[in-house]
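Throughout, protein chains are lettered first and strands after them, A, B, ... in sequence-line order, and every chain is numbered starting at 1. Given the structure is predicted, the values throughout are model-derived calculations rather than measurements.
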Amino acid sequence: MALLKFRKESKFKYRNLLDLNDSKKAFNSPLSVICHIDLNAFFAQCEQLRLGLSDNDPVVCVQWNTLIAVSYAARDYGVTRMDRLEQAKLKCPNLIPAHTAVFKKGEPTWKYVDYVPSPVNHKVSLDPYRREGKKVLNIFRSECDLVEKASVDESFMDLGRLVFSKIMSLFPSFLDNMKSTSDKLPVIDKLPEGLDFKGFMIKKDNEAEEEPEIAGENNIYLVEDWDDLVILIGSMICYDLRKKVEENLGYKTSGGVGRVKTIAKLASGYQKPDQQTIIRNDAIPNFLKHFRLTDFWSLGGKTGTWINENLGGETPISTIREHYSNLEDLTKILDKNAELAEKIYLMVRGEYAAPLEDREAVKSMASNKNFRGNSVSKRDDLIPWIRVFVGELLLRIQDTDEEYNSIIRPLKMTLSVLSSSGVRHSKQCTLTQSPKDYDLLSQMYHSTSLALLKHLEVIWNETTPSQKMFPIINACLSILVFVNLSGINTLDELMPNIRKRRVEDVKTGQIIETEHEFKKVKNETLLEKFINSRERTSPSPEMKFDNIPDTENTDNCRICGDKIDITEWQTHQDFHLAVNLESKINRNFEESYGERLLNSTGRNKKLNKKSNKAQDRNQSKLPF
DNA sequence: TACTCACAG
DNA sequence: GGCTGTGAGTA
């Protein structure tokens with residue numbers, strides 16, 4: 001229960017509270033309220049709900065024979081993520097193992113299968129969890145204007161505006177006496193009806209006279225100033241958000257509420273599952289007693305270890321706080337790394353206020369697969385997996401398009417391969433076409449990734465001739481640098497050369513004869529065309545596919561009649577596919593953007609300017 | 001652009 | 001441990 005016991009004068013100013021209403025400033029206010037919400041054992045919860053099971057069913061999410069998420073019901077049997085499936089079954093005979101969805105080798109879509117998939121013929125798909133995670137995120141976004149997605153199953157939220165408007169409605173006249181924003185905030189003499197902390201409270205020092213510093217329902221928690229009041233309101237909002245997720249989607253969450261991200265994050269992990277923890281500013285020292293420096297986000301690895309070494313060994317957070325009461329001392333200890341020192345200095349006080357990053361846009365998407373033994377010992381073994389990679393990436397592009405009701409396309413594609421000899425090479429190219437149509441897109445990506453593969457083989461021969469490329473133990477296809485083509489009026493900013501050529505073509509009324517162009521450069525590979533069509537200032541290394549050693553395995557191409565080395569067969573077919581594709585793409589491309597393109601060539605400059613502005617506004621709102 | 005390292009869940 | 005992702009840094 002909350003007990004209002006305001007000090008004679010608030011420590012805070014009007015400005016501190018007003019800042020909450022500005023999403024750019026709120027995080028930095030001493031009255032900021034950040035919450036962190038985490039989906040408990042998320043993948044297991046997804047599987048539990050998908051299979052129509054209850055919280056009491058000991059579900060685990062399985063990948064091959066390892067556990068990637070363990071439900072709380074299964075944890076009751078002592079099952080942990082470290083267990084192999086067999087060990088887990090011994091601990092819990094009625095265990096319910098749910099394998100992730102998988103792609104079958106050679107297939108472009110994932111499925112849940114009714115047998116136990118093997119890593120040799122399958123690739124795990126985490127898509128179902130991404131989709132569910134997105135649903136949760138959408139609920140958060142529907143309530144809160146600043147949400148940072150920290151991972152597929154956790155988010156930070158800046159509750160500033162929500163808290164501020166709640167205060168405005170609770171104390172409608174509280175701004176009346178304000179003369180300057182640097183005035184001290186008024187003293188509250190009465191807590192409005194219905195206001196109370198929601199969740200697990202960490203005690204302040206002056207509340208700790210009973211035994212533990214944490215207490216139950218009947219305890220009384222002080223509201224001594226505005227910082228306690230905003231956290232109280234924040235705890236109610238956090239609770240409502242979590243309930244909304246549970247009611248709409250069925251997922252149990254844990255939450256944390258505090259002044260900054262690092263505190264909120266530690267708090268949400270403190271009581272699990274289905275519980276939230278509240279940290280008032282004055283309770284921060286007590287709360288941090290439960291953690292080590294390396295528990296802070298970003299300090300879990302070498303950096304945290306290095307800091308501890310410099311401090312002369314593992315040092316409690318409270319010791320760091322008390323011993324290094326001035327920043328200079330800490331900076332000296334930390335090898336004069338002023339930035340890091342300040343961060344640590346603030347962190348141990350719970351005052352490290354990092355802004356929330358409202359980046360909803362994905363920066364890259366990758367489809368990755370580890371191969372076992374010699375299962376990919378030659379080029380042909382990799383092809384079916386490339387089909388899978390392309391399929392997976394395409395599904396994700398479709399999802400993104402749907403989510404934002406836009407056409408969102410990557411500008412770059414990278415293929416990376418790790419050979420069993422330990423050598424990794426990667427090759428990136430620029431994608432100069434991005435058809436709206438998914439079949440075309442898929443074919444294009446397929447051709448492009450095969451061309452990249454071809455290039456990688458050349459790279460291997462040229463740079464590491466002593467190390468064999470095959471067998472391959474890992475391959476990864478990724479797409480990156482996304483643009484939203486829906487908002488594009490002029491393609492000038494997007495694809496300089498392509499567009500210039502097109503604009504000229506449109507002006508002169510010529511039809512683009514892509515096939516002809518292709519034939520003209522028929523000694524160039526598709527990849528070279530992609531790369532070189534962008535800019536020729538830094539030519540890519542020649543890909544002398546002609547130089548591949550002669551073999552007797554040659555045949556005539558049925559399309560062009562050329563004699564084709566058998567090792568070139570696939571590439572050659574891809575070339576024809578690409579030629580064919582190119583014309584289709586262009587038709588599609590012109591259909592989609594042709595009119596806009598015309599508008600942007602100067603026929604109607606005013607209109608164009610206007611629409612550009614509209615686009616700017618649009619883009620600042622749109623994630624891409 | 002290619003590659004490596006660090007960190008996280 | 002396997003898988004997916006981001007960001008920093010280097011040449």
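Side-chain contact between A:Glu351 and A:Val260: absent, with no pair of heavy atoms (C-beta onward) separated by less than 4.5 Å.
Distances were taken from every side-chain heavy atom of A:Arg396 (C-beta onward) to each of B:dT4, C:dG5, B:dA2; the shortest belongs to C:dG5. Distance from the side chain of A:Glu392 is smallest for C:dT4 among the nucleotides C:dT4, B:dT4, C:dG5. Out of B:dC7, B:dG9, C:dT4, the shortest distance to the side chain of A:Lys302 is found at B:dC7.
Of the side-chain N and O atoms in A:Ser298, none sit less than 4.0 angstrom from OP1 or OP2 of B:dA6. OP1 or OP2 of B:dC7 sits under 4.0 Å from a side-chain N or O of A:Thr303. Within the 4.0 Å cut-off from OP1 or OP2 of B:dC3, at least one side-chain nitrogen or oxygen of A:His425 is found.
Residue A:Arg84 is classed as having no contact, given no heavy-atom separation below 4.0 Å to the nucleic acid.
Straight-line distance from the NE2 atom of A:His36 to the P atom of B:dA8: 13 Å, rounded to whole Å. Protein atom CD1 of A:Ile479 is 14 Å distant from nucleotide atom C1' of C:dT4, rounded to whole Å. Between the NZ atom of A:Lys427 and the P atom of B:dT1 there is a distance of 8 Å, given to the nearest Å. Distance, A:Leu411 CG to B:dT1 C1': 15 Å, rounded to whole Å. Taking atom NZ on A:Lys149 and atom P on C:dT6, their separation rounds to 8 Å, with Å as the unit. Between the P atom of C:dT4 and the CG atom of A:Asn368 lies a distance of 5 Å, rounded to the nearest Å. Separating the CD1 atom of A:Ile68 from the P atom of C:dG2 is a distance of 13 Å, rounded to the nearest angstrom.
Ring geometry for A:Trp64 against A:His99 counts as tilted: the plane angle lies between 30° and 60°, on a 0 to 90° scale.
With salt bridges taken as basic N to acidic carboxylate O contacts below 4.0 Å, one links A:Asp274 and A:Arg242.
Between the side chain of A:Ser442 and the backbone N or O of A:Tyr438 there is no donor-acceptor pair closer than 3.5 Å.
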